[in-house]
Structures are given as C-alpha cells and as structure tokens.
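To start, the structure under review is shown below, and the notes come after it.
The basis for the numbers below is simple: all heavy atoms, side chains too, and nothing from hydrogens, waters or symmetry mates.
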Amino acid sequence: MDMRQRVIVAALWIGVAALMAITLEPGVPSDAGEIARLFVVVVALFLAGVYLLDPKGVVTQFSDQKQ
C-alpha cells in the first residue's frame with residue numbers, strides 16, 4: 001500500500017470518527033450507547049493513526065503479503 005492509499009484510508013477513518021463524535025453529547029458519557037459511540041470514535045482514530053504512521057511497517061507488510 002503506497003502513501004497515497006494510506007492517506008485516503010486514514011482520511012476515511014477520521015471521517016467516521018468525526019461523524020460519530022457529532023452524535024456524542026458534551027461531558028461524561030452517561031449510558032451504554034454513548035460509551036459505545038465514544039469507543040467507536042477512539043478505535044477509528046486509532047486506525048487512522050495506524051494507517052498514517054504505519055508503525056513498524058504493519059500496513060505495508062500486510063498489503064505486500066496479499067499481493
């Protein structure tokens with residue numbers, strides 16, 4: 001996976017996180033639904049970071065094995 005593809009995928013994950021963050025109420029989550037949405041935001045931002053930073057070549061190594 002080249003850098004351009006990784007940036008596009010990371011931007012999509014950031015978009016997912018932004019859409020889910022819009023649905024959150026400000027403050028501490030009070031019910032299970034808000035906690036789940038917060039978890040999705042955190043996971044989406046984590047995945048965006050993985051695709052952008054590619055620690056230890058995880059993304060490029062996996063995509064090279066598939067080809």
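- Taking each heavy atom of Val41 and Met20 in turn, the nearest pair found is CG2-CB, 3.5 Å.
- Residues Val50 and Leu52 are members of separate hydrophobic clusters, defined by side-chain heavy-atom contacts under 4.5 angstrom among Ile, Leu, Val, Met, Phe, Trp and Tyr.
- The hydrophobic clustering, which links ILVMFWY residues whose side-chain heavy atoms are closer than 4.5 Å, places Phe39 and Val16 together.
- Between the side chain of Glu34 and the backbone N or O of Asp31 there is no donor-acceptor pair closer than 3.5 Å.
- Leu45 and Leu19 are members of different hydrophobic clusters when ILVMFWY side chains are connected at heavy-atom separations under 4.5 Å.
- Of all non-hydrogen atoms in Ala10 and Tyr51, the two that sit nearest each other are CB-CB, 4.1 Å.
- No single ILVMFWY cluster, assembled from side-chain heavy atoms under 4.5 Å apart, contains both Val42 and Ile35.
- To the nearest 0.5 Å, the span separating CG on Leu12 from CG on Leu47 amounts to 12.0 Å.
- Under the 3.5 Å distance criterion, the side-chain polar atoms of Arg37 are matched with a main-chain donor or acceptor of Gly33.
- Between Ile8 atom CD1 and Arg4 atom CZ the span is 4.5 Å, to the nearest 0.5 Å.
- One distance of note links CD of Glu25 with CG of Leu38; it measures 13.0 Å at 0.5 Å rounding.
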